[in-house]
2 protein chains.
Amino acid sequence: MAYLEADALGYGAGNLNRTAPVCETNKTGFAAFGGKATHHDSHTVIYYEGDPAKRLYELVKGTVMLYKLLPDGRRQVVEVLQSGDIFGLSSGSENDCTAETLVEAEVSEIDLKQVEASADLQRLLTKCLTNQMHVLHEHAVLLGRKSAVERVASFLMHLVPERGGPGCPGPRGEADDGFDLQLHMTRQEIADYLGLTIETVSRVVSDLKRRGIIRVDRADKIHLNKVCGLCQMTGMH
Amino acid sequence: MAYLEADALGYGAGNLNRTAPVCETNKTGFAAFGGKATHHDSHTVIYYEGDPAKRLYELVKGTVMLYKLLPDGRRQVVEVLQSGDIFGLSSGSENDCTAETLVEAEVSEIDLKQVEASADLQRLLTKCLTNQMHVLHEHAVLLGRKSAVERVASFLMHLVPERGGPGCPGPRGEADDGFDLQLHMTRQEIADYLGLTIETVSRVVSDLKRRGIIRVDRADKIHLNKVCGLCQMTGMH
DNA sequence: CGTTGGTTTGAGAGCACTCAAGCACTGTGG
DNA sequence: CCACAGTGCTTGAGTGCTCTCAAACCAACG
């Protein structure tokens, strides 16, 4: 089993929705601007939708999701953030999403006022926002136009580095086209991210297992037997 | 009929997805930075998904949609832009969406290099991106969690200024809670924006008509009889 | 060994989709 | 002035994918 190995490489859920490196030109992030480092346990809310937006946050380590709730309890996870991503920006005076950690996370906070002033921060911000925008566009296609199988396949493919994107090399060489994944989201979180129900996600996963595309060692430990085969099921090929 | 009146006020499709004014702090937009003004007829492509991204565009007048296509022809309209909105930013070197006008439009173009240099442009950009981000978040909820009726109701409500948002005053006074709309999108465009089929959109509109919520004078001229009643159907109350 | 929380599986229903026909408005030519 | 495509929208019938509700399963834990 190479789960730990994959994790150590920063893979696993670590590059969700990441087709290109983000904000890596600025290695220091908010640290260079006196950002206050904070630690958050797994599944902790950093701020709630509707809270006054006074700070900007940079995810340094871990994974954070942003979600919105409808009054009757329906939830949509709108973004899953990775290290380097910035969140907490609001078009009004209130946060438009709730931010919650998926796993333990290190976050760097700075005051919104600082951002207004610093040109470097603005540049960093533009870059990150552009990237998040791109991810949101792709996610809109997933939510609006893809079937359940295509959604789950797309989700899993996003967890495989260097694959599925425009520069996908195809199956490396020949037979061995496998990959080990460590999920950092529960079925419920995946469902709310993909616009499905928990049962549908589970059924699709079971179906992929039955068809030999994947192997499920534990609910959160999945081995992709045929990365390229899975990629064919995303609706993008 | 007050259609022309509404249109003259800049309503109609003019404030789609606009809960707060955008980029209005910078009245000049790109003009102040030597942006090249261009004119585009209705339903003209400004750039295609996959084209090299070399310029940044500001919509000065009219309406532009951004959409993505899946290889089998499925389309998802990911954004509907209004004057003041900026588009053409890409996280890679290629445009991630196709940009097409919905109606005649005036666009101001500037070189991407200019943006890198100007702090004012960066600030303008951050503001616009933040706004678009907020709209995309809300749209993700619509696409992932709302029923067909809720999607169409939400869509129509976005065309009514000052209503449906957090500061909604409710039905003004008493009886008269109507509003005239001029749509600038075909049923197909609406369907592709809402993640539905053209038939479903048509059926929902007919149903709203049957229930007395709206009156359809022409396919693109709709009178809302009960704005508040419609608002109740968006899933957000 | 029972409890708990998360996951999987099953049966059935319903909403939105597909395919197909009908309708309304527009412009064109005889 | 009317016939006739042409285009876009609406309506109908039937199917199927995903949802809902419910029960079973499983690993972790006290």
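Values below: all heavy atoms of this structure, side chains included; hydrogens, waters and symmetry mates excluded. Please read all numbers here as calculations on a predicted model, not as lab measurements.
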Under the ring pair (Phe, Tyr, Trp, His ring centres under 6.0 Å) test, residues paired with A:Tyr67 that sit two or more places apart: none

Does a donor on one side chain and an acceptor on the other come within less than 3.5 Å for B:Glu100 and B:His40? no

Ordered by number, residues from residues 66-78 of chain A within less than 4.0 Å of DNA chain C (heavy atoms) are none

Could you grab the distance from atom CG of A:Leu208 to atom CD1 of A:Ile222, nearest 0.5 Å is fine? 8.5 Å

As an exercise, state the distance from NZ of B:Lys221 to CG of B:Asp180, rounded to the nearest 0.5 Å. 9.0 Å

What class does the angle between the rings of A:Tyr47 and A:Tyr57 fall in, given that below 30° is parallel, 30 to 60° is tilted and above 60° is perpendicular? tilted

Does B:Arg211 pair with B:Asp207 as a salt bridge, N-O distance under 4.0 Å? yes

Quick one: B:Lys221 NZ to C:dA24 C1', roughly how many Å, whole number? 17 Å

Protein heavy-atom contacts under 4.0 Å, written 5' to 3' over nucleotides 24-30 of chain D as B (base), S (sugar-phosphate only) or - (none), form the string -------

What parts of residues 141-150 of chain A reach DNA chain C, counting only heavy atoms under 4.0 Å away? none

Nearest-0.5 Å distance, CZ of residue A:Arg218 to CD of residue A:Gln182: 6.5 Å

When you measure from the side chain of A:Asp192 to the backbone of A:Glu189, do you find a donor-acceptor pair of N or O atoms at a distance under 3.5 Å? no

What is the separation between atom CG on B:Asp220 and atom P on D:dT10, rounded to the nearest whole Å? 10 Å

All pairs passing salt bridge (charged side-chain N to carboxylate O under 4.0 Å, His left out) where residues 147-158 of chain A contributes a residue, at least two apart: A:Glu150-B:Arg74

If you restrict it to nitrogen or oxygen atoms, what contacts under 3.5 Å exist between nucleotides 7-12 of chain C and the protein, and what is each distance?
residue, atom, partner, partner atom, Å
C:dT7, OP1, A:Arg187, N, 3.2
C:dT7, OP2, A:Arg187, N, 3.3
C:dT8, OP1, A:Arg187, NH2, 3.1
C:dT8, OP2, A:Arg187, NE, 2.7
C:dT8, OP2, A:Ser202, OG, 2.9
C:dT8, O5', A:Ser202, OG, 3.1
C:dT9, OP2, A:Ser206, OG, 2.2
C:dG10, N7, A:Arg203, NH1, 2.9
C:dG10, O6, A:Arg203, NH2, 3.2

CD1-CZ distance between B:Ile198 and B:Arg203, expressed to the nearest 0.5 angstrom: 11.0 Å

Nearest 0.5 angstrom please: A:His184 NE2 to A:Thr63 OG1, how far? 6.5 Å

Find the distance between SG (A:Cys97) and CE (B:Met133) and round it off to the nearest 0.5 Å. 9.0 Å

In whole angstroms, how far is the C1' atom of C:dG6 from the CG atom of A:Leu183? 14 Å

Does the pair B:Asp177/B:Arg163 count as a salt bridge with the N-to-O cut at 4.0 Å? yes

